Enquirer: 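Can you keep this structure in mind? I'll have questions shortly.
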2 protein chains.
Amino acid sequence: MDTARASQTKRRTRIQQEKEEAILEAALEVFSKHGFRGSTIDQIAEEAGMSKPNLLYYFPAKEAVHRVLIDRILDTWLDPLRELDAAGDPLPEIQSYIRRKLEMARDYPRESRLFANEILQGAPRISEELNNLKKLVDEKAAVINTWIKAGKLAKVDPYHMIFAIWATTQHYADFDVQVRAVLGKERSGDGRFEDAARFLDQLFVHGLKPDAG
Amino acid sequence: MDTARASQTKRRTRIQQEKEEAILEAALEVFSKHGFRGSTIDQIAEEAGMSKPNLLYYFPAKEAVHRVLIDRILDTWLDPLRELDAAGDPLPEIQSYIRRKLEMARDYPRESRLFANEILQGAPRISEELNNLKKLVDEKAAVINTWIKAGKLAKVDPYHMIFAIWATTQHYADFDVQVRAVLGKERSGDGRFEDAARFLDQLFVHGLKPDAG
DNA sequence: TGTAATCTTGACCAAGCGGTCAATTTTTGA
DNA sequence: TCAAAAATTGACCGCTTGGTCAAGATTACA
């Protein structure tokens, strides 16, 4: 118990700190590319520049590495939603939420894909964490409902609205190969995120019907 | 060559026809649940009610089964987009495209997840098929652009519009566990698809800004 | 009915995998 | 400086996996 707490809250040595970080970084790279079952400890160890037994000196098992990653990711992944401010102006709040989510898809695609992989497989390793997720969404859905009641937003189901935001933004990380294949080489540069941001702004505020003026 | 063609175009025996179909159905079930690497031939054979060597009597390798599935899926998956009619009314055309895609997510979630799995892993087994995908999207993007030029649709990037439709609809199949976890048990019934349809209709036509009247 | 073609599977193999262990090297700190 | 603690790894183990093979069961058809 004592050692367990110590190793959780405070790394003991400099080497331990560095190596655990290197392993997690390598595991993120490998897991996000091949999924949990498709990744091997040897691959991760090689990516981290160490031997397999050495990796297992820091983490008791392959799954332990994965769990730490998932926990971290889910946490940072929800930060943008946490920032949704009930006191702010509804439409701008939602627009900036979308922008932040899109920036995360751009800057942390590996994290997005690792998480997507987990959900796609039925989330066998994170049924618990999904509860926290629900709690946060319930909370923010209530906020959105007050906005709607105040006539500051169209009457929509806040849950499906959040799903739509998640889906449209994470799509650019999770389905990156498809997006690039469809856009073609010329349009696969960084500009695609700005185009996406522009489109999503229009979609979520005004929809697709022609501008009435 | 001769035998190869014969087995592709016309099944030789009744048993062959039935067993190959049973294998593909079983493989769809298993692959969509565990991904390619996470699935074993034994699992698929058991699901299909036969022995592993028997399965390998009909398909030369695990990957061959997967390839046939992917080919079929990609084809039926694009049918709704093919139906997008340049001669129709823009908004209703798009609305019914969204509805059809949502119905596919509801009725064929395994197919959606299998495909998502493949793309997520970087589409190692289908770089070729992505070309056909691009061709079709280019074609339909041109149609959408004529609609925009005619003033019948807001000025948006047709590619990102199509991405948004794919993302929001397939989300209900690919991220099903997450959707159910967030909605809670009470709202995880079939009704969620009707709610989603209603929301997406509002979103894609009018956006989220309060109804002006 | 009989026999050739088709179908089926238990037993097996080699490779890959997660994880262990004992032995060695490196680092730490008095 | 030097011994204890921490870090590192080659060799290894048992299990799973994709795929083969030979031998037997079933089916098709003349």
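Here is how names work: the chains are called A, B, and so on, in the same order as the sequence lines, proteins then strands, and each is numbered from 1. Bear in mind the structure is a predicted one, so any value in this text is a computation, not a measurement.
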Enquirer: Just by modelled atom types, is the Ala167(A) backbone N or O under 3.5 Å from a matching donor or acceptor in the Gln170(A) side chain?
Expert: no
Enquirer: Looking at Gln16(B), I'd like to know whether one of its side-chain N or O atoms comes within less than 4.0 Å of OP1 or OP2 on dT6(C).
Expert: no
Enquirer: Would you indicate what Ser51(A) reaches in the nucleic acid, counting non-hydrogen atoms under 4.0 angstrom: base, sugar-phosphate, or nothing?
Expert: base
Enquirer: For Thr76(A) and Met104(A), which heavy atoms make the closest approach, and how far apart are they?
Expert: O-CE, 3.5 Å
Enquirer: Which parts of nucleotides 19-30 of chain C does protein reach within less than 4.0 Å, heavy atoms only, written one letter per nucleotide 5' to 3' as B for base, S for sugar-phosphate only and - for none?
Expert: BBB------S--
Enquirer: Heavy atoms only: give me the nearest Tyr97(B)-Leu84(B) pair and the separation to one decimal.
Expert: CB-CD1, 3.9 Å
Enquirer: Both Tyr58(A) and Arg37(B) contact DNA chain D. Which one's nearest nucleotide lies toward the 5' end?
Expert: Tyr58(A)
Enquirer: Can you pull out every salt bridge (Lys or Arg N to Asp or Glu O under 4.0 Å) where at least one residue sits in residues 109-121 of chain A? Sequence neighbours excluded, please.
Expert: Glu25(A)-Arg110(A), Glu29(A)-Arg110(A), Glu118(A)-Arg125(A)
Enquirer: So where does chain A start and stop touching DNA chain D, 5' to 3', when the test is distance under 4.0 Å to a non-hydrogen atom?
Expert: dA6(D) to dT17(D)
Enquirer: To the nearest angstrom, how far is Asn54(B) atom CG from dC7(C) atom C1'?
Expert: 7 Å
Enquirer: Counting only side-chain N and O atoms of Tyr57(B), is one of them less than 4.0 Å from OP1 or OP2 of dT8(C)?
Expert: no
Enquirer: Not counting sequence neighbours, list each pair that qualifies as a salt bridge (Lys or Arg N to Asp or Glu O under 4.0 Å) and has a residue in residues 160-178 of chain A.
Expert: Asp176(A)-Arg180(A), Asp176(A)-Arg192(A)
Enquirer: Would you please name every residue forming a side chain to side chain contact (heavy atoms under 4.5 Å, CB included) with Arg187(B), sequence neighbours left out?
Expert: Asp157(A), Tyr159(A), His160(A), Leu183(B), Asp195(B)
Enquirer: Would you name the heavy atoms of Leu102(A) and Phe193(A) that are closest together and state the gap between them?
Expert: CD2-O, 3.7 Å
Enquirer: Leu56(B): which residues meet the side chain to side chain contact (heavy atoms under 4.5 Å, CB included) condition with it, sequence neighbours left out?
Expert: Ile41(B), Lys52(B)
Enquirer: What is the separation between atom CE on Met50(B) and atom P on dT9(C), rounded to the nearest whole Å?
Expert: 8 Å
